[in-house]
Amino acid sequence: MLIVKVFVFLLFLGIGRSAPLDAQDLLQKIDELTERVATLEINKRAIFEGPVAFTATLVNTIEHVGDHQHIVFDHVITNIGDSYSPMNGHFTAPVRGAYAFFVVLTNTPGHAASVVLIRNGQWLGEVLADDESNVAYTTSTLAITAQLEAGDQLWVQNEYSFSGQEQIDGHDGWTSFSGHLIQQN
């Protein structure tokens, strides 16, 4: 089998042709092969990695949200690709690519709720749900698109205090964290 592969490779390069390739032709063929291999690698990763998508919600209301507290969305609805961990609330990018993320946040009446989306310890965006009348639930959404490298981690955490005691509502899936791979690149 190896002999057949070598023979086909040599035929591709033009060895055995009546006119041998000069150095420029040989470099061009090597560039073409390098480009083909790179394209095949990208396609192979897309086939083997598969889709990436997750949605997770809170099971219970968090009544005493601490400073810089990581919010663990513990009810996983979808976790295609197993990139979201309900143990620590982190999403880990399995491949380099463009991703979309959504954080839906609901407060409890009389309390504000605020969180930030963090990538590898750095701020990506924030969302605040606060009702000035103190009698209603308020829901706000953060939608963001981000370029991630394989291994990057994202999570949601409390960062600021907009009321004496921040509370995040966990009833009926009103507070959630979701995301998906738009395109691997």
Side-chain angles (χ1 to χ4, degrees), residues 45-46 48-185:
R45 278 193 308 246
F48 289 114
E49 294 298 334
V52 177
F54 76 96
T55 297
T57 65
L58 291 178
V59 171
N60 297 303
T61 295
I62 302 174
E63 294 183 0
H64 303 282
V65 183
D67 291 342
H68 310 291
Q69 176 180 339
H70 287 216
I71 309 303
V72 178
F73 297 85
D74 47 358
H75 176 66
V76 177
I77 296 170
T78 304
N79 198 5
I80 300 168
D82 293 322
S83 297
Y84 176 77
S85 170
M87 301 304 289
N88 63 13
H90 288 205
F91 168 80
T92 303
V95 295
R96 181 180 193 276
Y99 291 80
F101 295 97
F102 305 89
V103 178
V104 179
L105 181 67
T106 303
N107 70 328
T108 60
H111 301 278
S114 62
V115 295
V116 294
L117 181 61
I118 302 289
R119 174 182 54 197
N120 300 329
Q122 301 298 314
W123 178 93
L124 272 183
E126 61 191 73
V127 61
L128 167 67
D130 190 12
D131 174 49
E132 292 181 11
S133 70
N134 293 324
V135 296
Y137 291 91
T138 302
T139 300
S140 299
T141 302
L142 168 67
I144 192 163
T145 303
Q147 173 68 38
L148 301 181
E149 298 298 324
D152 280 356
Q153 290 198 351
L154 277 83
W155 64 89
V156 175
Q157 73 181 40
N158 174 264
E159 194 66 27
Y160 310 107
S161 290
F162 289 94
S163 65
Q165 176 185 338
E166 295 218 342
Q167 292 186 358
I168 300 174
D169 186 68
H171 296 102
D172 299 321
W174 288 0
T175 297
S176 64
F177 179 31
S178 63
H180 62 272
L181 174 64
I182 298 170
Q183 182 174 352
Q184 184 176 343
N185 54 32

(message) Any non-hydrogen side-chain atom of Val115 less than 4.5 Å from a side-chain atom of Ile71?
(response) yes

d(Ile77 CD1, Ser176 OG) to nearest 0.5 Å is 7.0 Å

Exercise for the section: Could you check if a side-chain atom of Leu154 sits within less than 4.5 angstrom of a side-chain atom of Phe101, using non-hydrogen atoms only? Expected result: yes

So CZ of Phe102 and CG of Leu142: to nearest 0.5 Å the spacing works out to 9.5 Å

- Arg119/Leu148 under side-chain contact (heavy atoms from CB on, under 4.5 Å): CA gap, chis, key distance, verdict: CA-CA 9 Å; Arg119 174 182 54 197; Leu148 301 181; 3.4 Å; yes

ask   = Are Gln147 and Asn185 linked by a side-chain donor-acceptor pair shorter than 3.5 Å?
value = yes

Review point. So, Asn120 side chain and Asp152 main chain: donor-acceptor pair closer than 3.5 Å or not?
Key: no

Quiz item: What do you reckon, are the aromatic ring centroids of Phe73 and Tyr84 less than 6.0 Å apart?
Solution: no

* Asked: Run the side-chain contact (heavy atoms from CB on, under 4.5 Å) check on Ile168 and Thr106 step by step: do they pass?
  -> CA-CA 6 Å; Ile168 300 174; Thr106 303; over 6 Å; no

Quick one about Glu166 and Asn158 (side-chain donor to acceptor, distance below 3.5 Å, no hydrogens or angles considered), yes or no? yes

Rounding to 0.5 Å, atoms CD1 (Ile62) and OG1 (Thr108) come to a distance of 11.0 Å

query: Can any side-chain N or O of Thr175 pair as donor or acceptor with the backbone N or O of Asp169 at less than 3.5 Å?
result: yes

Taken to the nearest 0.5 Å, the spacing of Thr55 OG1 from His75 NE2 works out to 10.0 Å

Would you check if the side chain of Gln157 reaches a backbone N or O of Ile118 as a donor-acceptor pair within less than 3.5 Å?
no

Result for side-chain contact (heavy atoms from CB on, under 4.5 Å) between Val76 and one of Thr78, Asp74, Asn79 points to Asn79

To the nearest 0.5 Å, atom CZ of Phe177 lies from atom CG of Leu105 at 12.5 Å

Output for pair (Thr61 OG1, His171 NE2), nearest 0.5 Å, gives 4.0 Å

Self-check item: Phe91 ring center near Trp155 ring center (under 6.0 Å)
Solution: no

- Item | Trace of the side-chain contact (heavy atoms from CB on, under 4.5 Å) decision for Val52 with Ile80 | CA-CA 5 Å; Val52 177; Ile80 300 168; over 6 Å; no

State, with a plain yes or no, whether a side-chain heavy atom of Val127 is found less than 4.5 Å away from one of Thr141.
no

Next item on the list: Decide yes or no for Phe54 and Ser83: does some side-chain heavy atom of the first lie under 4.5 Å from some side-chain heavy atom of the second?
Entry: no

Q. Hey, mind stepping through His90 and His70 against side-chain contact (heavy atoms from CB on, under 4.5 Å) and telling me if it holds?
A. CA-CA 9 Å; His90 288 205; His70 287 216; 3.3 Å; yes

Quick one: does Asp67's side chain get under 4.5 Å of Gln69's, heavy atoms only? no

Margin query: I'd like to check Val95 versus Leu181 (side-chain heavy atoms, cut-off strictly below 4.5 Å). Are they in contact?
Written below: yes

